[in-house]
2 protein chains.
Amino acid sequence: MIPFSIDLKPGSPFCDQLAYAVKKAIVSGQLQTGDRLPSVRVLAQELKINPNTVQKAISRLTAEGLLEIQPGIGCSIANRPRKAEAKACAVLLHQEMERLVVEARRLNLSKEEVEKALTEHWNRISGQN
Amino acid sequence: MIPFSIDLKPGSPFCDQLAYAVKKAIVSGQLQTGDRLPSVRVLAQELKINPNTVQKAISRLTAEGLLEIQPGIGCSIANRPRKAEAKACAVLLHQEMERLVVEARRLNLSKEEVEKALTEHWNRISGQN
DNA sequence: TATGGTGTATTATATGTCATAGTACACTAA
DNA sequence: TTAGTGTACTATGACATATAATACACCATA
């Protein structure tokens, strides 16, 4: 069994969906520091996709510092990122936030409605910690 | 001159960037209901991209109900969407919100920091209304 | 030591998206 | 009629994506 939930759907690249599913599982506490991830070949078999596609997602998460590789052993969940890295990445968050605000205002939503949605998702994602 | 601000950069599709720039200009009040948009050919020339690429962005915004087309005349900014359409689109907003929350928690940001960022962007985008 | 399981790299192929180029058509204002 | 609208269509090249099939270095275990 795969230690996180994922349901691959066409529309966006499989490697993106896989990387996001793992990241979400880590952030929500479903996967914890030190936990082992199934091997590239096992994941590929379970998800019925190509091993290369899995490897692409893994290498991306490794580059982000979310996964740690032990050559010949496998890969496991790394520690939470240091503040230094986080600061550099926060720029991306602001881009996402602007996109979200633009979309919300296009839908004539109030700021309160958006804040409520933020709280809902925040609690849901953080609930398992 | 183009009645909205845009700076095309490689990395994401031009038609996406153009559609977003127009949407942002509408939402922020830079473009108002009834305002005329430059023609497909003019936009293509100014932005130094292909008319087909511009047309792709326009047709997407038209499908979203943000632009109105008068055949033979040109296209202009439409009225704000009705609640009915908005409700159907709100699902997408929740997907974006979840992605944002996941990213924020991956960066070890606090909920207060994210709420602060939301307020900042909200005021900036809404400032011109 | 030999075997099998790790991650990783490489090459090749097929498919789809994106941007471009060129052409053509229906429509409308002047 | 003429020129300017949006729109549709085909074709091409560049690029990303997913797949397939190997091959290699590494490590644990029998």
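Predicted model only: the values in this text are computed from it and were never measured. To find a chain, count down the sequence lines: A is the first, B the second, and so on, and within it residues start at 1.
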Contact span of DNA chain C against chain B, any nucleotide atom under 4.0 Å from a heavy atom, 5' to 3', runs C/dC18 to C/dA29
Between A/A78 and A/G65, the two heavy atoms sitting closest are CB-O, 3.4 Å
Once base and sugar-phosphate atoms are separated, protein heavy atoms under 4.0 Å mark nucleotides 11-19 of chain D, 5' to 3', with B, S and - as ------SSB
With a 3.5 Å distance limit and no angle check, can you tell me whether A/D16 reaches the backbone of A/P13 through a side-chain donor-acceptor pair? no
Whether B/E120 and B/R124 form a salt bridge (side-chain N of Lys/Arg under 4.0 Å from carboxylate O of Asp/Glu) is what I want to check. no
Between A/Q17 and A/K9, is there a donor-acceptor pair closer than 3.5 Å when you use the side chain of the first and the backbone of the second? yes
Next on the checklist: Using side-chain heavy atoms (C-beta onward) and a distance below 4.5 Å, is B/V101 in contact with B/V114?
Outcome noted: no
Quick check: does any side chain N or O of A/S59 sit under 3.5 Å from a backbone N or O of A/K56, one acting as donor and the other as acceptor?
yes
Original post:
Between A/I73 and A/V40, is there a shared hydrophobic cluster once you connect ILVMFWY residues whose side-chain heavy atoms come closer than 4.5 Å?
Top reply: no
Practice problem: Please test B/T119 against A/K111 for side chain to side chain contact (heavy atoms under 4.5 Å, CB included), starting from the C-alpha separation and ending with a verdict. | Solution: CA-CA 8 Å; B/T119 300; A/K111 182 159 177 279; 3.2 Å; yes
To the nearest angstrom, the CZ-P distance between A/R36 and D/dA28 comes to 11 Å
The residue, A/Q55 or B/I73, whose nearest nucleotide of DNA chain C is more 5′ is A/Q55
Taken to the nearest whole Å, CD/B/E68 to P/D/dG6 is 14 Å
In whole angstroms, the gap separating C1' of D/dT5 from CD1 of B/I58 amounts to 12 Å
